[in-house]
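Residue numbers count from 1 along this sequence. Both counts, for ligands and for their atoms, begin at 1 and track the order of listing.
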Amino acid sequence: MKIPFNKPCFEGNELVYIEQAISNGLVSGDGEFTRRCHAFLETELGVKKAFLTTSCTHALEMAAILLGIKAGDEVIVPSFTFVSTVNAFVLRQAKPVFIDIREDTLNMNENHLENLITPRTKAILPVHYAGVGCEMDTILEVAGRHDIPVVEDNAHGLFGKYRGKFLGTFGCMSTLSFHETKNFTCGEGGALLINAPRYIERAEIIREKGTSRSRFFRGEVGKYTWVDIGSSYLPSDMLAAFLYAQLEARGRIQQHRRRVWEYYYARLKEWAKAHDVRLPVIPGHCEHPYHMFYMIMPTYEDRQAFIAHLKSRGILSVFHYLPLHLSEMGIRLGGKKGDCPVTEDISDRLVRLPFYNKLDEAKQQIIVDAILDFYRS
Ligand SMILES: *Cc1c(COP(=O)(O)O)cnc(C)c1O
């Protein structure tokens with residue numbers, strides 16, 4: 001492939017900081033760079049507590065444990081998401097109740113929420129698709145009325161905003177991903193952000209294998225011992241060092257991604273209109289962090305032909321998400337065709353264009369020229 005779909009990009013200080021972490025003599029978890037990342041996220045976003053984790057998947061697993069999810073509980077989650085949003089809760093024996101998405105933002109359709117709530121509903125999991133905020137006003141109002149916790153899967157949306165407020169600061173908790181495919185990365189990594197202080201103390205224990213290790217090292221308890229369930233959710237300080245170099249470059253990364261996104265939009269707008277292709281919709285009250293550029297083709301056949309067309313020009317475009325309720329596991333959990341009609345339709349027609357921090361205009365020009373040729377060929 002001449003032009004990949006994604007490419008990990010380095011901002012310059014990654015190796016410098018990793019070396020510093022090594023010479024600090026502490027490369028396990030919660031060293032200097034982990035603390036710096038925590039402080040950065042807490043200060044920039046205004047969350048009560050940030051915990052780096054080994055992945056967004058693991059941050060979601062921590063959230064499920066913290067909410068005390070158990071067999072028979074229900075969680076309301078979009079079918080149009082990455083499997084981890086759901087799996088983390090299914091691991092605790094919860095039953096996923098899949099909610100359909102809005103046609104415009106592809107976020108959970110908040111108008112369906114009320115109908116899906118039962119006395120067994122124990123969590124609502126909005127996913128800010130492409131970093132465009134879900135309708136949090138309505139979601140929080142409905143959740144609040146039924147006293148159901150909201151956990152935001154903000155894997156796409158670090159530094160995105162809804163009505164001027166950062167995504168990830170609305171629910172009692174939220175999660176981030178620093179996987180290679182996300183805006184900020186350390187290869188594999190994530191974070192659990194906590195807004196409701198009542199979860200902080202236990203989160204620290206769960207993240208440290210169910211032990212009081214952190215409190216021991218702060219001198220708050222005389223010995224460290226097994227106090228709760230938990231697992232090993234903290235990343236090495238070398239990964240935190242890599243991540244800190246990326247977070248520090250926030251301004252540059254955001255600016256670059258904005259340029260990439262706006263170039264696609266400006267050059268594809270007229271073509272899209274002429275061919276009944278839909279470009280992303282960003283509501284006026286949402287600021288997105290330019291996580292991805294997707295298009296919705298008129299039909300499944302067009303989408304497949306489009307991907308093949310770009311491939312023949314050496315350009316990799318991809319689609320996602322296969323509806324979770326129709327996956328092998330989803331069907332075993334009771335999912336069937338027609339449960340989420342908008343999800344099923346969009347999933348057949350959506351395509352994502354190459355998008356990464358250092359994608360330059362020369363390459364984008366090649367991509368867009370190839371796209372403009374599609375309905376000609
Ligand atoms: C990437 C992603 C995840 C999982 O992230 P990892 O860090 O790879 O575990 C979860 N949810 C969504 C919406 C994602 O896009």
Side-chain angles (χ1 to χ4, degrees), residues 5-6 8 37 41 50-65 75-91 96 98-99 101-102 105-108 123-134 136 139 150-160 162 167-168 170-171 173-193 207 231-236 239-240 242-243 246-247 257 280 288-294 318-325 327 329-330 340 343 346-347 350 352 355-357:
F5 170 71
N6 180 62
C37 289
L41 292 169
F51 286 114
L52 289 194
T53 56
T54 30
S55 65
C56 180
T57 303
H58 281 166
L60 287 158
E61 286 180 19
M62 284 182 67
I65 295 172
V75 297
I76 300 179
V77 60
S79 172
F80 191 70
T81 183
F82 188 66
V83 62
S84 294
T85 323
V86 187
N87 226 353
F89 289 78
V90 172
L91 261 178
F98 291 111
I99 185 168
I101 49 172
R102 297 172 58 103
T105 56
L106 315 186
N107 282 328
M108 77 162 43
I124 297 171
L125 304 165
V127 178
H128 303 299
Y129 182 71
V132 177
C134 294
M136 294 313 294
I139 293 169
V150 172
V151 176
E152 303 167 72
D153 179 342
N154 196 28
H156 299 178
L158 178 54
F159 303 126
Y162 172 82
L167 300 180
F170 291 90
M173 289 176 254
S174 67
T175 63
L176 294 173
S177 174
F178 301 117
H179 183 260
E180 179 175 273
T181 51
K182 305 304 198 302
N183 291 19
F184 299 86
T185 185
C186 58
E188 300 276 359
L192 178 70
L193 306 181
R207 181 166 165 270
S231 191
S232 184
Y233 291 126
L234 69 172
S236 154
L239 281 178
F242 192 112
L243 179 64
Q246 296 252 314
L247 291 176
R257 296 190 76 98
H288 68 123
Y290 309 97
H291 174 57
M292 72 167 92
F293 198 94
Y294 67 82
V318 303
F319 63 84
H320 76 175
Y321 293 112
L322 294 172
L324 288 174
H325 69 284
S327 65
M329 182 72 181
C340 299
T343 299
I346 293 291
S347 160
L350 183 141
R352 300 168 64 187
F355 206 125
Y356 46 88
N357 291 351

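- Scanning the protein for heavy atoms near atom 11 (N) of ligand 1, the closest one is Asp153 OD2, 2.7 Å.
- Closest to atom 15 (O) of ligand 1 by heavy atom, among His156, His128, Glu180, is His156.
- Contact between Pro235 and Arg207 at its shortest, heavy atoms only, is CD-NH2, 4.4 Å.
- Ligand 1 has a nitrogen or oxygen under 3.5 angstrom from a nitrogen or oxygen of Thr57.
- Of all non-hydrogen atoms in Ile139 and Ile124, the two that sit nearest each other are CG2-CG2, 4.3 Å.
- If you check which protein heavy atom lies closest to atom 3 (C) of ligand 1, you get Phe82 CD2, 3.6 Å.
- Residue Lys182 approaches ligand 1 through these ligand atoms, each under 4.0 Å from one of its heavy atoms: 1 (C), 2 (C), 14 (C), 15 (O).
- When Cys56, Pro78, Ala88 are ranked by how near their heavy atoms come to atom 5 (O) of ligand 1, first place goes to Cys56.
- In this structure, Phe170 and Tyr162 have perpendicular ring planes: the angle between them is above 60°, well past the 30° mark.
- Note: His320 and Tyr129 meet the aromatic proximity criterion, with ring centroids under 6.0 Å apart.
- Of all atoms in ligand 1, listed by their number and element, those nearer than 4.0 Å to a heavy atom of Val127 are 13 (C).
- Ring-plane geometry between Phe82 and Tyr321 is classed as tilted, the angle between the planes lying from 30 to 60 degrees on a 0 to 90 degree scale.
- Within ligand 1, counting atoms from 1 as listed, the ones closer than 4.0 Å to a heavy atom of Ser55 are 7 (O), 9 (O).
- With no hydrogens or angles considered, no side-chain donor-acceptor pair links Asn154 and Ser174 at under 3.5 Å.
- Under 4.0 angstrom from ligand 1, the non-hydrogen atoms of Tyr321 all belong to its side chain.
- The two residues Cys37 and Ala240 have their closest heavy-atom pair at SG-O, 3.4 Å.
- Against a heavy-atom cut-off of under 4.0 Å, Gly189 is close to the following atoms of ligand 1: 7 (O).
- Nearest heavy atoms, Leu193 versus Ala50: CD2-CB, 3.6 Å.
- Taking only non-hydrogen atoms, the option from Gly187, Ala155, Ser177 nearest to atom 7 (O) of ligand 1 is Ser177.
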